[in-house]
Amino acid sequence: MLAPSLYAHRLGRAYGPDSSGKALAGALASGVDGLETDVCLTSDGELVLLHDPLLSLGTTLDGWAHEHTAAAIVQARILDRDRVPSAERPLALDELLARVPGDLPIQVEVKAHADPDLARRTAAALCERYRSGPERRRLEVISFHSAACATAAVYGLRSRLVVWADYAPEALAAWAVSRGVTGVSVEHFLLSPKLASVFRLAGLSVSTGTVNDAELLARITELTGPDAVCTDRPAGLRAEALRLEDPSSSVALVDPEFATAGSGRA
């Protein structure tokens, strides 16, 4: 089985709170092919790493990310899985780029709750900042919002639309190609051989997520061979996949405490 690249979902949420410095450090230390994180636009035009635009869902702040300055947001604390304030604070996108090796790919998911215009402005702010520098080569804008993906493509950055439906894939592929979008991310429970074939025939790359189980990874890889897979636990999943393929393998689990994790998205 030719394993796809494994990207650390939310910078590796098995290793620390969502998109935190602790999660990032764990993912980098254990080995990873790429990173995935979420980004929100602040009231002063900055970009901070937050899974949810509604701050009370993931931090000690209230209100919406676009209503607060970056300085206020990065002073908050990220909530852990039990919704208890952790010692970790939200990171700015600039901070992430400064901490990560320059050759490591990064998927940046634009978040903007039910607001396509905010999604477009978020993508535009990201592209304006990085389109002329070396970071553009490793950044890929992904989003559930087509406006964000199309905007990134106009700026010449790679973009990937997250797909939640399995109907009319030919029409979706035609739209993506016409807008300059270079890939799609299909939820793993929807990613069938037919969908993968339609998108690849259109010249689009195909990724999926969030996968945390080795048997699920093996089935997805066998059926559709995605280019990349998002996972909370890249090191542990890779080790388990190798053990599943070769039961005699002595590869150790890097994060056995997370070995029974399931899968979920976004």
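In this text the structure is predicted, and so the values were computed from the model without any measurement. Below, each value reflects all heavy atoms present in this structure, side chains not excepted, and no hydrogens, waters or symmetry copies.
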Can you hop from [X] to [Y] via hydrophobic side chains spaced under 4.5 Å?
X      : Y      : result
Leu91  : Leu61  : no
Tyr130 : Val108 : yes
Leu161 : Val110 : no
Val181 : Leu191 : yes
Leu35  : Ile142 : no

With a 4.5 Å heavy-atom cut-off, do [X] and [Y] have their side chains touching?
X      : Y      : answer
Pro101 : Leu28  : yes
Pro193 : Leu223 : yes
Leu54  : Trp64  : yes

Under 3.5 Å, is there a donor-acceptor pair between the side chain of [X] and the main chain of [Y]?
X      : Y      : value
Ser5   : Ala228 : no
Ser43  : Thr69  : yes
Arg136 : Gly156 : yes
Thr37  : Ser19  : no
Thr221 : Ala218 : no
Ser86  : Ile78  : yes
His145 : Ala112 : yes
Arg238 : Ala3   : no
Arg10  : Asp232 : no
Asp38  : Asp52  : no

**Prompt:** Which one of Arg158, Glu140, Glu36 satisfies the side-chain hydrogen bond (donor to acceptor under 3.5 Å, both in side chains) criterion with Gln107?
**Reply:** Glu140

**Request:** Verify side chain to side chain contact (heavy atoms under 4.5 Å, CB included) between Thr60 and Leu79, making sure each step is shown before the conclusion.
**Result:** CA-CA 7 Å; Thr60 52; Leu79 303 182; 4.1 Å; yes

**Request:** Could you walk me through whether Leu195 and Thr224 pass side chain to side chain contact (heavy atoms under 4.5 Å, CB included), step by step?
**Result:** CA-CA 9 Å; Leu195 285 183; Thr224 62; over 6 Å; no

**Prompt:** Crowded around Arg131 CZ? As in, over 12 foreign heavy atoms under 6.0 Å?
**Reply:**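 Enclosed.
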
For the residue pair [X] and [Y], what are the closest heavy atoms and their distance?
X      : Y      : answer
Val206 : Ala196 : CG2-O, 4.3 Å
Tyr155 : Cys127 : CG-CB, 3.3 Å
Leu217 : Pro4   : CD1-CG, 4.1 Å
Leu126 : Leu47  : CA-CD1, 3.6 Å
Cys149 : Ser159 : O-OG, 3.1 Å
Leu6   : Asp33  : N-OD2, 2.7 Å

**Request:** Just do the side chain to side chain contact (heavy atoms under 4.5 Å, CB included) check on Glu187 and Val162 with the steps written out, would you?
**Result:** CA-CA 8 Å; Glu187 297 304 301; Val162 182; 3.5 Å; yes

**Modelled atom types, side-chain donor and acceptor of Ser56 and Asp62, under 3.5 Å** = no

**Side-chain donor-acceptor pair present, Ser205, Arg160, cut-off under 3.5 Å** =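 Yes.
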
**Request:** Test Arg129 against Glu46 for salt bridge (charged side-chain N to carboxylate O under 4.0 Å, His left out), laying out the working first.
**Result:** CA-CA 10 Å; Arg129 176 163 298 183; Glu46 296 298 319; 3.1 Å; yes

**Item:** side-chain hydrogen bond (donor to acceptor under 3.5 Å, both in side chains) evaluation trace for Thr231 with Asn212
**Value:** CA-CA 6 Å; Thr231 175; Asn212 292 318; 2.9 Å; yes

**Request:** Mind telling me whether Phe189 and Trp164 have parallel, tilted or perpendicular rings, with 30° and 60° as the class edges?
**Result:**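 Correct class here is perpendicular.
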
**Request:** Would you check, one step at a time, whether the test side chain to side chain contact (heavy atoms under 4.5 Å, CB included) holds for Glu88 with Arg77?
**Result:** CA-CA 6 Å; Glu88 298 295 308; Arg77 288 294 177 263; over 6 Å; no

